[in-house]
Q: 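Take a look at this one; I'll ask things after.
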Amino acid sequence: MILEVRNVARRFGGVWAVRDVSFSVAEGEIVGIIGPNGAGKTTLINLITGHVRPTGGKVLVDGRDVTGRRPWAIAHNRVARTFQIVKPFRGLTVRENVGIGAMHGNNRDRTVHEALATADRLLELVGIAHRAKAAPAELSVADARRLELAKALATRPKLLFIDEVMAGLRPAETDGAVALIHRLRDAGITIVAIEHVMKAIRSISDRVIVLHQGSILVSGTPDEVLADRRVIEVYLGHRFAQRRA
């Protein structure tokens, strides 16, 4: 298993944001994580990637215990993530932002020329090569999320966490993003995706985990999960079930 999460928990004061969560991800798998707002999805990713220290439990990447390690140390194990709230380097161009990512990690580019060449390739891949010279503040919300993805890919991850990268995309753009995620998996990247776009979750995921109030409510194939009565009641709603019927 490339990722093992064992009984991970995080308490903020008297509130459990994540409680006793356990799951594993096989190399080459795409796992979707869904759930209502406040279910603990982003907190869980923060715990795995070192941005928040767990109250309890363990996180293993490739069998190595990375629990509570700093984000940059975990990233050096070829783990990358995007952020729901985008965090570009404001004083640099879009191209330079991605180039910075290419110069980070154990497999980094060694020169600025190499890093910018990597940036050009990745900006083309995610569909914003025409915005390479723009400032991040000039990007639309959807393009800013594409920049986040390109920055993460620049670090050459083998395990990638994506947090709502399809938010704000039009249907045709969502189809393109789904195809891109499949290409990334085919290139050898294991993906864990937080997403609210159900069409996308069904299209990309080998397996779906549903969080509710900080714990795993159910997990299984997309069809199994989206048909589960508990998931419909706490997250999808009966209108979703009626549309599917």
Q: Arg131 side chain to Glu138 main-chain N or O, any donor-acceptor pair under 3.5 Å?
A: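 Looks like yes, one N/O pair under 3.5 Å.
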
Q: With rounding to the nearest 0.5 Å, note down the distance linking CD1 in Ile30 to CG in Leu184.
A: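 With rounding to 0.5 Å, CD1 (Ile30) is 8.5 Å from CG (Leu184).
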
Q: Could you give all pairs that pass the salt bridge (Lys or Arg N to Asp or Glu O under 4.0 Å) test and reach residues 9-33, with sequence neighbours left out?
A: Glu29-Arg207

Q: Taking all heavy atoms of Arg95 and all of Leu116, pick out the closest pair and write down the distance.
A: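 Smallest interatomic distance, heavy atoms only, reads NH2-CB, 3.5 Å.
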
Q: Would you say Glu173 has more than 12 foreign heavy atoms packed within less than 6.0 Å of its CD?
A: yes

Q: When you compare the side chain of Ile189 with that of Leu153, does any pair of heavy atoms fall below 4.5 Å?
A: yes

Q: Test side chain to side chain contact (heavy atoms under 4.5 Å, CB included) on Arg202 and Val208 and set out the steps.
A: CA-CA 9 Å; Arg202 292 189 69 188; Val208 176; over 6 Å; no

Q: One pair to check against side chain to side chain contact (heavy atoms under 4.5 Å, CB included): Arg230 and Val210. What are the steps and the verdict?
A: CA-CA 10 Å; Arg230 294 164 294 176; Val210 184; over 6 Å; no

Q: Linking I/L/V/M/F/W/Y whenever any side-chain heavy atoms sit under 4.5 Å apart, do Val66 and Val79 land together?
A: yes

Q: Are Glu233 and Arg229 ion-paired here, with the side-chain N under 4.0 Å from a carboxylate O?
A: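 Between Arg229 and Glu233 there is a salt bridge, with a charged N closer than 4.0 Å to a carboxylate O.
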
Q: Taking the side chain as everything from C-beta on, heavy atoms only, tell me whether Val5 gets closer than 4.5 Å to Leu47.
A: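 Counting from C-beta outward, Val5 and Leu47 never come under 4.5 Å.
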
Q: Linking I/L/V/M/F/W/Y whenever their side-chain heavy atoms sit closer than 4.5 Å, directly or via other members, would Leu217 and Val18 fall into one cluster?
A: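 Leu217 and Val18: separate clusters.
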
Q: Is there a side chain to side chain contact (heavy atoms under 4.5 Å, CB included) between Ile33 and Ile45? Walk through the geometry before answering.
A: CA-CA 10 Å; Ile33 299 179; Ile45 301 306; 4.3 Å; yes

Q: Only one of Ile194, Asn46, Ile162 clears side chain to side chain contact (heavy atoms under 4.5 Å, CB included) with Arg81; which?
A: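 Exactly one pass, corresponding to Asn46.
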
Q: Pairs in or reaching into residues 155-191: which pass ring-ring contact (aromatic ring centres under 6.0 Å, His included), with residues at least two apart or in two chains?
A: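 Every pair satisfying ring-ring contact (aromatic ring centres under 6.0 Å, His included) with a residue in residues 155-191: there are none.
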
Q: Determine whether Leu139 and Leu123 fall in the same hydrophobic cluster, where Ile, Leu, Val, Met, Phe, Trp and Tyr are linked whenever their side-chain heavy atoms lie under 4.5 Å apart.
A: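 In one cluster: yes.
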
Q: Provide the closest heavy-atom pair for Ala115 versus Met103 in the form atom of the first, atom of the second, distance.
A: CB-CG, 3.4 Å

Q: If you compare all heavy atoms of Pro157 against all heavy atoms of Ala152, which two are closest, and at what distance to 0.1 Å?
A: CD-O, 3.5 Å

Q: Quick one: pull up NZ in Lys151 and CG in Asn97 and give me the separation to the nearest 0.5 Å.
A: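 Spacing of NZ (Lys151) from CG (Asn97) equals 5.5 Å.
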
Q: Hey, does the side chain of Asp163 reach the backbone of Phe83 with a donor-acceptor pair shorter than 3.5 angstrom?
A: no

Q: Inspect the surroundings of CZ in Arg170 and state if more than 12 heavy atoms from other residues, nucleotides or ligands are less than 6.0 Å away.
A: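 Result for CZ/Arg170: open.
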
Q: Can you see which heavy atom on Val31 is nearest to which on Ser205, and at what distance?
A: C-OG, 4.4 Å

Q: When clusters are formed by joining ILVMFWY residues with side-chain heavy atoms under 4.5 Å apart, either directly or through shared neighbours, do Ile100 and Leu160 land in the same one?
A: no

Q: Determine yes or no for a side-chain-to-main-chain donor-acceptor pair under 3.5 angstrom, with Thr118 supplying the side chain and Glu114 the backbone.
A: yes

Q: Please determine, by modelled atom types, if Asp223 and Thr221 share a side-chain donor-acceptor pair under 3.5 angstrom.
A: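 On atom types as modelled, these side chains do not qualify, holding no pair under 3.5 Å.
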
Q: Pick out which of Ile34, Val218, Thr43, Leu44 makes a side chain to side chain contact (heavy atoms under 4.5 Å, CB included) with Leu211.
A: Leu44

Q: About how many Å separate CE of Met166 and CD1 of Ile204, when rounded to the nearest 0.5 Å?
A: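 Atom-to-atom, Ile204:CD1 and Met166:CE are 4.5 Å apart.
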
Q: Would you compute the distance between atom CD1 of Ile216 and atom OG of Ser22 and round it to the nearest 0.5 angstrom?
A: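 Ile216 CD1 to Ser22 OG: 7.0 Å, rounded to 0.5 Å.
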
Q: If you measure from OG1 on Thr190 to CG on Asp62, what distance do you get to the nearest 0.5 Å?
A: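 Those atoms lie 9.0 Å apart.
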
Q: If only atom types and distance count, is the side chain of Glu148 paired as donor or acceptor with the main-chain N or O of Lys87 below 3.5 Å?
A: yes

Q: With hydrophobic residues grouped by side-chain heavy-atom distances under 4.5 Å, do Ile48 and Ile209 end up in a single group?
A: yes

Q: Kindly give the heavy-atom pair with the smallest separation between Arg69 and Asn77, and that separation in Å.
A: NH1-ND2, 3.7 Å

Q: Using the side chain to side chain contact (heavy atoms under 4.5 Å, CB included) rule, pick out the option among Leu122, Leu147, Val98 that qualifies with Ile128.
A: Leu147

Q: Write down the atom of Ala227, the atom of Ile232, and the distance for their closest heavy-atom approach.
A: O-CD1, 4.0 Å

Q: May I have the step-by-step check of side chain to side chain contact (heavy atoms under 4.5 Å, CB included) for Arg156 and Asp109, ending in yes or no?
A: CA-CA 10 Å; Arg156 297 174 173 86; Asp109 289 330; 2.8 Å; yes

Q: Look at the aromatic rings of His196 and Tyr235 and report parallel, tilted or perpendicular, splitting at 30° and 60°.
A: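 The rings of His196 and Tyr235 sit tilted, inter-plane angle from 30° to 60°.
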
Q: State the CG-CD1 distance between Asp186 and Ile181, to the nearest 0.5 angstrom.
A: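 Asp186 CG to Ile181 CD1: 12.0 Å, rounded to 0.5 Å.
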
Q: So, does Arg145 use its side chain to make a donor-acceptor pair with the main chain of Gln84 at under 3.5 Å?
A: yes

Q: Give a yes or no on whether Lys58 atom NZ has more than 12 heavy-atom contacts from other residues, nucleotides or ligands under 6.0 Å away.
A: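 Result for NZ/Lys58: open.
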
